[in-house]
Amino acid sequence: MKIKGFRFPERKPTTVSDISELQALVSNQTSMASREAVLTSNALLSSGSIIAPAVVVATSFQTALALCIVFSLVTFVTVLICSFVPRKLVYTVRIIIYTFVASLVYVPVAILMENIMPTLFSALGIYAPLLITNSFITMKTESKFYRLKRGYMAELCGFYIIGYDLALLFFGFMRELLTNGGLFGVQFLPLSIPSVGTVYGGFILLALTAATFRWLISFPARKRQN
């Protein structure tokens, strides 16, 4: 339709260059999200959240792996389901709903773990069901995840979970290595430190690991300043 004395702006056709720029923007956004979640805001080594299960339960690589599976499944599924909870509800009510949904999600996860690794799952004790109230579900959802579009939120949540899992597996690996002088029941180091397997030793090892991690992460920035 034409109107006398007025010209509508012509629509530019989408070119390969425009698509490439959009793909580069999405790729850059994903890269920044993964770096933030895994490195600069790592839940275990940077922000120091969800440390109780790591210190008390993750005394070996195997128990750390079992804890990672329970944490990942319960957290990711709960966050996705609860993203449909109306924001108009009172904050307290929303948190109650999040915890209730997490408890429902935990049931099939517990059944799954009892079938695939019953011994390791029983070793988690009370700290497995306590994951339904972890800070990713009760706090991170409101402060970050649910402020984003659902697709990007799911991606970012996945990166945060992966970051925590990697840190927890490394912590369990180092703890078993130092405690037993080896891995998977095979001792190959001449020195072992059994106290690292205690809660007190776990806190010390986690503090040293987190301090080293933060120093390595901030090293490039310090190098640029100098």
Side-chain angles (χ1 to χ4, degrees), residues 37-38 41-45 47-173 175-176 184 199 202 206:
V38 177
S41 297
N42 187 280
L44 182 62
L45 299 180
S47 61
S49 58
I50 325 179
I51 64 173
V55 171
V56 178
V57 176
T59 56
S60 67
F61 181 84
Q62 294 94 327
T63 53
L65 177 62
L67 189 64
C68 284
I69 295 174
V70 177
F71 168 79
S72 301
L73 292 177
V74 171
T75 302
F76 189 74
V77 175
T78 300
V79 170
L80 286 185
I81 294 175
C82 292
S83 64
F84 295 95
V85 174
R87 303 275 78 78
K88 295 180 179 180
L89 293 177
V90 180
Y91 172 77
T92 305
V93 174
R94 293 201 303 269
I95 297 301
I96 294 174
I97 293 175
Y98 299 162
T99 306
F100 177 71
V101 171
S103 64
L104 295 179
V105 173
Y106 175 78
V107 175
V109 172
I111 296 174
L112 174 67
M113 292 297 292
E114 286 177 350
N115 285 302
I116 62 175
M117 46 179 65
T119 304
L120 292 176
F121 180 64
S122 62
L124 301 183
I126 190 63
Y127 288 93
L130 281 179
L131 289 174
I132 67 174
T133 59
N134 76 75
S135 60
F136 275 34
I137 296 174
T138 58
M139 296 178 61
K140 206 72 173 179
T141 49
E142 292 290 322
S143 64
K144 192 174 188 69
F145 294 150
Y146 294 160
R147 298 175 183 270
L148 307 170
K149 291 184 178 180
R150 187 169 287 111
Y152 183 61
M153 175 214 71
E155 185 179 16
L156 186 62
C157 179
F159 280 128
Y160 267 91
I161 292 173
I162 291 173
Y164 179 81
D165 289 346
L166 291 176
L168 184 60
L169 289 174
F170 177 76
F171 179 69
F173 170 84
R175 201 171 182 185
E176 181 178 2
F184 310 110
V199 176
L206 181 60

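For the numbers below, each heavy atom of this structure counts, side chains included, while hydrogens, waters and symmetry mates do not. Keep in mind it's a predicted model, so treat the numbers as computed, not measured. For this chain, numbers begin at 1 and follow the sequence in order.
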Drop me the distance from [X]'s [atom1] to [Y]'s [atom2], to the nearest 0.5 angstrom.
X: L206; Y: L168; atom1: CG; atom2: CG; result: 9.5 Å
X: I137; Y: L131; atom1: CD1; atom2: CG; result: 8.0 Å
X: L80; Y: M153; atom1: CG; atom2: CE; result: 5.0 Å
X: N134; Y: T99; atom1: CG; atom2: OG1; result: 9.5 Å
X: L44; Y: D165; atom1: CG; atom2: CG; result: 10.0 Å
X: I97; Y: T92; atom1: CD1; atom2: OG1; result: 11.0 Å

Please list, chain by chain and in numerical order, all residues satisfying side chain to side chain donor-acceptor pair (under 3.5 Å) with [X], sequence neighbours excluded.
X: S83; value: R150
X: T59; value: none
X: T141; value: none
X: R87; value: Y98

Counterpart residues, side chain to side chain contact (heavy atoms under 4.5 Å, CB included), relative to [X] (two or more places apart):
X: L120; answer: Q62, T63, A66, M117
X: S122; answer: none
X: I81; answer: V77, V101, V105
X: L169; answer: F61, A64, L65, C68

Minimum heavy-atom separation for [X] to [Y], with atom names?
X: F76; Y: C157; answer: CD1-SG, 4.0 Å
X: I50; Y: S135; answer: CG1-OG, 3.6 Å
X: L67; Y: P53; answer: CD2-CB, 3.7 Å
X: V74; Y: T78; answer: O-OG1, 2.6 Å
X: A128; Y: V70; answer: O-CG1, 4.3 Å
X: S60; Y: E176; answer: CB-OE1, 3.5 Å

Problem - Residue pairs fulfilling salt bridge (charged side-chain N to carboxylate O under 4.0 Å, His left out) with at least one residue in residues 91-108, sequence neighbours excluded - result: R94-E142
Handout entry: More than 12 heavy atoms of other groups within 6.0 Å of F170 CZ
Key = no
Exercise for the section: Not counting sequence neighbours, which residues clear salt bridge (charged side-chain N to carboxylate O under 4.0 Å, His left out) with E114? List them please. Expected result: none
Fill in the blank from the handout: Residues at least two apart in sequence or cross-chain that pass ring-ring contact (aromatic ring centres under 6.0 Å, His included) with Y164, listed by chain then number, are F71
Completion exercise
Result for ring-ring contact (aromatic ring centres under 6.0 Å, His included) between F145 and one of Y160, Y152, F159 points to Y160
Exercise for the section: Sort and list the pairs that fulfil ring-ring contact (aromatic ring centres under 6.0 Å, His included) and have at least one residue in residues 106-127, not counting sequence neighbours. Expected result: none
